[in-house]
Amino acid sequence: MAEVDYRWPENHKMRWIGKRVDRLDGLEKSGGTAKYTYDVNLPNQLIVRGLGCPHAHCNVLAVDISEAEKVPGVVYIHRLNAPGPNDDPVEIRADGTLLVAVAAENEAAAAEGVSKVKVQYKLLDAFTADHDLQSAEANGRTKPAGGGIELDEALGEPGDDEDEEEWENKVMQHLFDTSAHVVEGEYGIDSITHCCLEPHGATVHWVDGKLKVYLSTQNVSQADDGFAGALEITADDVDVTCDYIGGGFGSKFQPNYWGIAAAEISKVTGRPVKFMLTRDQELKIAGNRPSGYIKVKLGADANGVVRVWDSLHWGTSGFNGSTVAVGNIPYVFRPKSFRRKATGIVTDNEPSVAWRAPNHPQACAITQTAYDDLAAKMGVDSLDIFLRNLENIDTPEKAPVYAEQLRIAADLINWRKHWHPHGKGKKSGAVVEGLGIGIHKWAGTANSSNCLLKIHADGGVESYCGTQDLGTGTRTVCAMVLAETFGLTLDEVKVNIGSSTYPFSGASGGSTTVGAVTESHRRAAQDALAKVLDLVAKKLDVSADILDAVGGKIVARDYSGKEMTWKQACSLIGIQPLEVNSSYARGTASPLSSENVAGCQMAHVAVDTETGQVKIKRMVAVQDMGLIINRKTAESQIYGAMIMSIAAALFEQRINDPKTGVFVNSELADYRLPRLGDIGNLVVHLHEPESERARGVIGLGEPPAISGCTAISNAVCNALGVRVPTIPLTPKRVLDALRTAKG
Amino acid sequence: MSQPTKGFSRRAFLRGSGVAAAASSVTSTQSASAAIVPVPIIAGETQVSLTVNGQKKTVTVEPRTTLLDTLRYQLNLTGAKPVSSDGSSGASTVLVDGKPVMASTTLTVAVSGKSISTCEGLKDGDIPKAFVSNDAQQCGFCTPGFVVAVKAFLNQHPDATEEQIRAGLNGNICRCGTYANVLQAVIALVKGNQNG
């Protein structure tokens, strides 16, 4: 058999790929029959609720569970972050940290048990003012978080007898002194939480010494390692299942300590255990995105091309004290000379975890706002400033792609008609409108993935892959690839995912899934098809090279009329099914997948200057993603990402009480998210010129979730002629900014 | 759990006029002698009869048992989801006698004798199909609540305009951001004059 040449079919031959296909598990989801981890109820199971610490920073001195044990229905109480009777105090660094877990016969009894646990605390100083660098320094809460300087090579080098830092300062000063326009500003973006609608948690039971776990996870194939390591068993003794996950966004890669506790409680009690976080706990301890605040000065030439950037940014990732990665500043735009420094702030919050496009939305929001302020200062169209500055970006080869995308987006939002100089728009009553832009980048590299493919003698096709569906439509894209390769319909192939007993596939994070699973499924399908075609070739007495799988048949291309149905072809396989294991290793150059995309978003907003309320009128996203597999779900990903951007731009923020550090808005009534009526008109344009499409599949989840926030902030600034410095742009912040501007 | 546990929680949980009407229509397995006149007390486990998706069901619950827990743990109807305890997410939306309520903030004893429709009862109708064809779901965890909310909305507004849809479906939160698709699904349903 000749070596298989892995590639996608030519465009005109594609029957499934690139089409609009309904997701295969759609009716299970919309009909309420899809079973998520929270929905799995095992016979005789215990329900566990955790007691969250009510203080941001304290020592837990003692825990009295005696009253809780008396609550009818309470079966067992487990210590998590709590001292035993003779133990030293346990220091708690984040509000919500689970202290004990109460296992009971039902939800209500578990909750009542939790309410009866008595805890002695010693309060310690809490600090959560992540926006306040001065205060953080005064409280000894800062940590260096990197930085550095790069200067235009044309500026030369320091002399042998010159102090390097002094020389750099001198050069930077000179660059600013000779700039035609200088902008100084402060910008910020608050911390937000993942707020998965299905809270983190697990349902577990032990069967013959093996741990069976239903876990709400983005990482089916590797979560077993997490359990095994913590429980001192081997990964082969852990099976993880996740058929459906109710939201992940980067926070569900690990079993987490409550998942491990579920396994421990199940072992002690000998009963299945379900341990899901409450809403309050989900927001407080199950994932948040670092904040970022920046003080920046930029200098531009007479055309508005930025030639020098100097910034200090800070923020928090919780008690480990990091901030937005310094390497992303300035974002996409990269003047020839720039200096940047970052300071992490140690707060009494749970450490951050990856959030959709880690670091990028914040970096974008604290960089491209300054570029927009340059346009405002010059009285020049922001679109022109963005276009002109494409001459200095960190991926110069993408400049024509961005330019084309900006042109398309501008047409779709009718930029030239609606744009006005910042603050000079027509007022309708108290309402002013404005336009804004953001541009972004993302890698989207395919993760490693393996696929076991079985073809049965009766024509049945089934794949097994240890991946998961975050809402991407994983099952559907796998099925489309199989159907495309074998010339079958979607209902003639069966895709099995969501179990750690299936071949390894990488975690779903960083827009790596569709690239990964289409790599492994296409490879497996091409490998298997080659074997089937060899059998058919012998039977039909033709060369396998001239056989195609199309329309449920294997057909010879030589006009001989020789063909057989897929079923007839598979009957040649024999009694045992044909099994193929095919793999893709991340980083392997492949014609099937690629990396690095560009995208831009524009927003058209209306701002009420009396109430401070911002409304989205229209948003446009133009996004490159290489080869599109399922056009319908790809568009949905972008719509969703735009809505997440609206959420972060206008609504959501973690609010800590300035004195106690307590996260005060950790219920959904208070942690504001947009609703259906808040989204305006959203327009998605899949940017797929042949140059991009020919690169193969590139992940899509993250990129459209990056620059929307910035586009909205810039649009509000364009409307008001005043920068609302910190995102989210709440009504109070809008009014404060207007008041400050008035003086 | 298929079987409720017996032998605990003998105390009164509900007092006051707000639950009096509900309390009067349930049959307590405990002695009624502890009742405080004129407001009855419900204590201990109680049998409640209700109609769920057209089928008569009798469940044994405590007074504090929410309708959501009853559906999910006793009737294996897990379409309604536990997302927020205060009902602010809309994920536990079900219909009680045709009206949308949050199962998470409704006590089972309060819906005794009533007719409950859950997402599962609507699964063969047009609404879930419209959600699929407009891809109005990503992770899908909020979707059943949304489907029920759309049913209730369209019952009231079968010819809703886009503006009415945007104004009338704000009780449900989707974190993945499917609102644009939900909007399209509901517009399609109105155009087809189908409300499931």
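Chain naming here is simple, since letters A, B, ... match the order of the sequence lines and numbering starts at 1 in each. As the structure is a prediction and not an experimental result, all values here were calculated from the model.
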Might you point out which heavy atoms bring [X] and [Y] nearest each other, and give the distance in Å?
{"X": "B/Y179", "Y": "A/P674", "answer": "OH-O, 2.6 Å"}
{"X": "A/L682", "Y": "B/A180", "answer": "CD1-CB, 4.2 Å"}
{"X": "B/D135", "Y": "A/R23", "answer": "OD1-NE, 2.6 Å"}
{"X": "A/L197", "Y": "B/C174", "answer": "CD1-CA, 4.3 Å"}
{"X": "B/C139", "Y": "A/L470", "answer": "CB-O, 3.5 Å"}
{"X": "A/G31", "Y": "B/P128", "answer": "N-CB, 4.4 Å"}

Report the distance from atom [atom1] of [X] to atom [atom2] of [Y], rounding to the nearest 0.5 Å.
{"X": "B/I173", "Y": "A/L676", "atom1": "CD1", "atom2": "CG", "value": "12.0 Å"}
{"X": "B/Y73", "Y": "A/E105", "atom1": "OH", "atom2": "CD", "value": "12.5 Å"}
{"X": "A/D39", "Y": "B/K81", "atom1": "CG", "atom2": "NZ", "value": "3.5 Å"}
{"X": "A/H194", "Y": "B/R175", "atom1": "NE2", "atom2": "CZ", "value": "8.5 Å"}
{"X": "B/C176", "Y": "A/M644", "atom1": "SG", "atom2": "CE", "value": "6.0 Å"}

Exercise. Report the C-alpha distance between B/Q137 and A/D25 in whole Å, list the side-chain angles of each, state the deciding distance to 0.1 Å, and finish with yes or no for side chain to side chain contact (heavy atoms under 4.5 Å, CB included).
Key: CA-CA 10 Å; B/Q137 51 199 350; A/D25 47 11; over 6 Å; no

Given heavy-atom pairs under 4.5 angstrom as the criterion, report whether the side chain, backbone, both or neither of [X] touches chain B.
{"X": "A/E635", "answer": "neither"}
{"X": "A/E652", "answer": "side chain"}
{"X": "A/L673", "answer": "side chain"}
{"X": "A/A108", "answer": "both"}

Count the heavy-atom pairs under 4.5 Å between each of [options] and chain B, then report the option with the highest count.
{"options": "A/D280, A/T33, A/L27", "answer": "A/L27"}
{"options": "A/M276, A/E667, A/E198", "answer": "A/E198"}
{"options": "A/C195, A/G248, A/A34", "answer": "A/C195"}

Measure from the side-chain N and O atoms of [X] to the backbone N and O of [Y], and report whether any donor-acceptor pair falls under 3.5 Å.
{"X": "A/K632", "Y": "B/S133", "answer": "yes"}
{"X": "B/R166", "Y": "A/G680", "answer": "yes"}
{"X": "A/N41", "Y": "B/R72", "answer": "yes"}

Any residue meeting ring-ring contact (aromatic ring centres under 6.0 Å, His included) with [X], in chain and number order, not counting sequence neighbours:
{"X": "A/H205", "answer": "none"}
{"X": "B/F141", "answer": "A/Y36"}
{"X": "A/Y76", "answer": "none"}

Practice problem: Using heavy atoms and a sub-4.5 Å threshold, report which of residues 87-99 of chain B line up against chain A, by residue number. | Solution: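 Within residues 87-99 of chain B, the residues under 4.5 Å from chain A are B/S88, B/S89.
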
Practice problem: For the pair A/N106 and B/D69, evaluate side chain to side chain contact (heavy atoms under 4.5 Å, CB included) and give the outcome as yes or no after the intermediate values. | Solution: CA-CA 9 Å; A/N106 56 47; B/D69 279 358; over 6 Å; no

